[in-house]
Number of protein chains: 2
Amino acid sequence: MSTDEPAFAGGADYERLLGPFVGDLAQPTSLSPLAYDLNAGVPDHATLPVDAIADAMERALRADPGGALTYGGAQGYEPLRAWIADRESEASGLALGPQNVTLCSGSAHAIDNIAATFLGPGDVAVISAPAYPGAIRSFRARGARIVAVPQDEGGMRADALAEVLDRIAAEGATAKLIYLVATYDNPSGATVPRGRREEIVDIAARHGVLIVEDDAYAGLDFDGPAPDSMFSVARGRGVLYVGTASKTVATGLRVGWVVGGEEAIRHVVFTRLDNGSSPLVLRTLLAYYEGGTHGAHLARIQDVYRERRDVAAEAVRAAFGELASFVLPGGGFYLWIRLAEGIDASALQTAAAERDVAVTTGTLYAPEGSDERHIRLAYPTVPPDTLRGAIARLGEACAAVAAAGS
Amino acid sequence: MSTDEPAFAGGADYERLLGPFVGDLAQPTSLSPLAYDLNAGVPDHATLPVDAIADAMERALRADPGGALTYGGAQGYEPLRAWIADRESEASGLALGPQNVTLCSGSAHAIDNIAATFLGPGDVAVISAPAYPGAIRSFRARGARIVAVPQDEGGMRADALAEVLDRIAAEGATAKLIYLVATYDNPSGATVPRGRREEIVDIAARHGVLIVEDDAYAGLDFDGPAPDSMFSVARGRGVLYVGTASKTVATGLRVGWVVGGEEAIRHVVFTRLDNGSSPLVLRTLLAYYEGGTHGAHLARIQDVYRERRDVAAEAVRAAFGELASFVLPGGGFYLWIRLAEGIDASALQTAAAERDVAVTTGTLYAPEGSDERHIRLAYPTVPPDTLRGAIARLGEACAAVAAAGS
């Protein structure tokens, strides 16, 4: 039989059988097939520490083949948890240990594990908007209602958060968590300043709501160190800190983690539903970190991505002129470009695709409604000269949209 | 500050914030620390194909470092999907391609991905009982109601399934799926005979309910080939087939998959919430399969585990006498031991633990209520002489429980 026979589904009518929240989900994001990819928020292949990872894999497997190739438990390889706890202890001044960490299969999986632990139908997840689409999907998949808190140049607005939480409480609903990327946000690039971090922590504590701090871009500092994490500002209280090896080592490892109070971590581990992450990969990551080359690697990619940020910023100013504006991010992978009145982001995306350039529009990152005023420009995978060319094409696309609309 | 300060939780009271279904979940299973582990359903470390995996990893990484170390999409590495589709095409006679396969992080994760796709609060998941606890957890975590269909020596009873589905329909509830391990069940060891597979497929089709066939123990045949899969019997219609590399290659890779009709697979991929499995690991598995040693490895582990099954069976007969009975499984990892009247499984588990022997009781596998009439004895990780000794200790524990109860 052929697999495209309609009868393949047989008795089961899949549409009818779908879960109640599947219809609320946006398409998952994916890498673009276009030649000029200003969409990929991943490290450039050329910067990946391939030799160090190959060496780490070999050492991890040979050191204890049975351990590396057998289930390692829901919380994951304790020595890697201890290593992460030590790094976060140093950053925060808190006395953290392996019991304060659980290892996941990437930070998207960590966020989904947190959603499984805390969210159910009708619960409210408060999200800094614009937001990482993966978090929106994981929260919606649990039937949660998402309420957006708008950002300004300093990321999530504390005054708006307070209003939102008051309104939710007045409605009799339960806000379970507040999700944000406080540093080098995806997509906005914004970093929440220290003072506002304190305000947000205070507001969340007053309402008894958990903060989920996604720090996926930690370490990608271009203009000096980032502010202390929300987790650190809160002295660990009421904050789950999500980290990942994706942006500073490799997305293909699929290793992320959650750091938090021991009780909170116990709950997250308990609600783990997949028999744990690959011990082979977790041990490889620890062997890589302990291999002694990571510091130099991080310094090198900071230089690479800082240059690309600067090239992208200059090229956007040159190519867009008055048609676009942005705030220069202090690190991370993205320029969040505000389009002039009359330039529709989807029209620009289409015109760019016709010129082989991939970007995403604000709507992808909008937890509620649409956002046709922004595009996200990701620069990490594109070398400087190509980046200039791609952004010139994007500028042409923008001029064409402006001309068509005027 | 110390991490065990009660104040660590701060404003957020984690118990209060937990999702509505977390309280319905049993503890996740884990490997035992006891010296004689008759609990571990995993390959013996000594049988793992370490050199072939090490070689495969190196080849997979070097062949395309950027591809191996970068997000590979929600559905996963297409050449591995094609390889699995070819194998299942050969087994089933269906014309399957990579579009009929999605790759997951182990079969537990595949089951959870299916649960995310099809189950919501109040939906009914029908489960062959006793059942794999991971499936019970994933279904409960979505708020589904679990209804058990009892097994006999031939696995899930078709007559009982028909009754259960009629009853659910009469209640006005929606049965979304039927979960079973049709071959070398965990924990019962039972294999559903061919004729009964056809009956079950017909009943499910009549009710428009999806069959989720977990074939985690596929290939672990001791007494000749297993019956055709449910997926094959149904000609692919209305069945999602879950496979894994855990039992025949290594649990530590965390690679599983779902095979199904193209539309069903599209839905499962859409509902994926973790940015996909590690391309490094997926490419390693394909390089391993293509390395040409897997056939010999499989034949070798069939011999190893067949011997352990036979040693375990003989030792249980010698050690328990009239106090226990079981049906010899045709493959897989487990003896499902029915205890004589008056022997309480939990009491036996406790007495065994005092003798350094780990087993699990039927209650762990009971989707509804408890089951103190059975223990599960897993033999794969224990060499024959140690297995005899461990089962002798277990027999002493049983005699002690019998003596205390009489």
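Per chain, numbering begins at 1; letters A, B, ... match sequence-line order.
The contact between B/Ser277 and chain A is made entirely by backbone atoms, counting heavy-atom distances below 4.5 Å. Residue B/Ala264 touches chain A through both its backbone and its side chain, counting heavy-atom pairs closer than 4.5 Å. Heavy atoms of B/Asp112 lying under 4.5 Å from chain A belong exclusively to its side chain. At a 4.5 Å heavy-atom cutoff, A/Asp202 makes no contact with chain B through either its backbone or its side chain. Residue contact with chain A, scored on non-hydrogen atoms closer than 4.5 Å, involves the side chain of B/Leu48 exclusively. Only the side chain of B/Val281 comes within less than 4.5 Å of a heavy atom in chain A; its backbone stays farther off. Both the backbone and the side chain of B/Phe118 come within contact range of chain A, each with at least one heavy atom under 4.5 Å from a heavy atom of that chain. If you measure heavy-atom distances from A/Ala234 to chain B, you find no contacts under 4.5 Å at all. Within the 4.5 angstrom heavy-atom criterion, only backbone atoms of A/Ala116 (N, CA, C, O) approach chain B. At a 4.5 Å heavy-atom cutoff, the contact between A/Phe21 and chain B is made by side-chain atoms alone. Only the backbone of B/Ala26 comes within less than 4.5 Å of a heavy atom of chain A; no side-chain atom from C-beta onward does.
Nearest heavy-atom pair across A/Pro20 and B/Pro121 is CG-CD, 4.1 Å. Taking both residues in full, the closest heavy atoms of B/Arg16 and A/His207 are given as NH2-O, 4.4 Å, listed atom of the first, atom of the second, then distance. What you find for B/Asn275 and A/Ala108 is that their closest heavy atoms are ND2-CB, 3.8 Å. Among all heavy-atom pairs drawn from B/Leu280 and A/Met57, the shortest one is CD2-SD, 3.6 Å. B/Lys176 approaches A/Leu18 most closely through the heavy-atom pair NZ-O, 3.2 Å.
Taking the ring centre of A/Phe270 as origin, the terminal cationic atom of B/Arg137 falls inside the region bounded by 6.0 Å and 45° from the ring axis.
Side-chain atoms of A/Arg254 come within 3.5 Å of backbone N or O of B/Asp274 as a donor-acceptor pair. One N or O on the side chain of A/Ser278 and one on the backbone of B/Gly252 form a donor-acceptor pair closer than 3.5 Å.
Taking CD from B/Glu15 and CD from A/Glu263, the interatomic distance works out to 5.5 Å, rounded to the nearest 0.5 Å. To the nearest 0.5 Å, atoms CG (B/Asp64) and NE2 (A/His45) are separated by 7.0 Å. With rounding to the nearest 0.5 angstrom, the OG1 atom of B/Thr117 is 11.0 Å from the CG atom of A/Leu17.
Note: A/His267 leads A/Arg272, A/His109, A/His267, A/Arg283 in heavy-atom pairs under 4.5 Å with chain B.
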| query | What's the verdict on side-chain contact (heavy atoms from CB on, under 4.5 Å) for B/Leu69 and A/Thr251, showing C-alpha distance, side-chain angles and the deciding distance? | reply | CA-CA 6 Å; B/Leu69 293 176; A/Thr251 57; over 6 Å; no

| message | Please determine whether side-chain contact (heavy atoms from CB on, under 4.5 Å) holds for the pair A/Leu210 and B/Tyr14, giving the CA-CA distance in whole Å, both sets of side-chain angles, and the decisive distance to 0.1 Å. | response | CA-CA 8 Å; A/Leu210 183 63; B/Tyr14 297 115; 3.4 Å; yes

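Under the side-chain contact (heavy atoms from CB on, under 4.5 Å) criterion, B/Ala54 pairs with A/Glu58, A/Leu61, A/Arg62, not counting sequence neighbours. In terms of the side-chain contact (heavy atoms from CB on, under 4.5 Å) criterion, residue partners of A/Thr381 (sequence neighbours excluded) are, by chain and number, A/Ala40, A/Val42.
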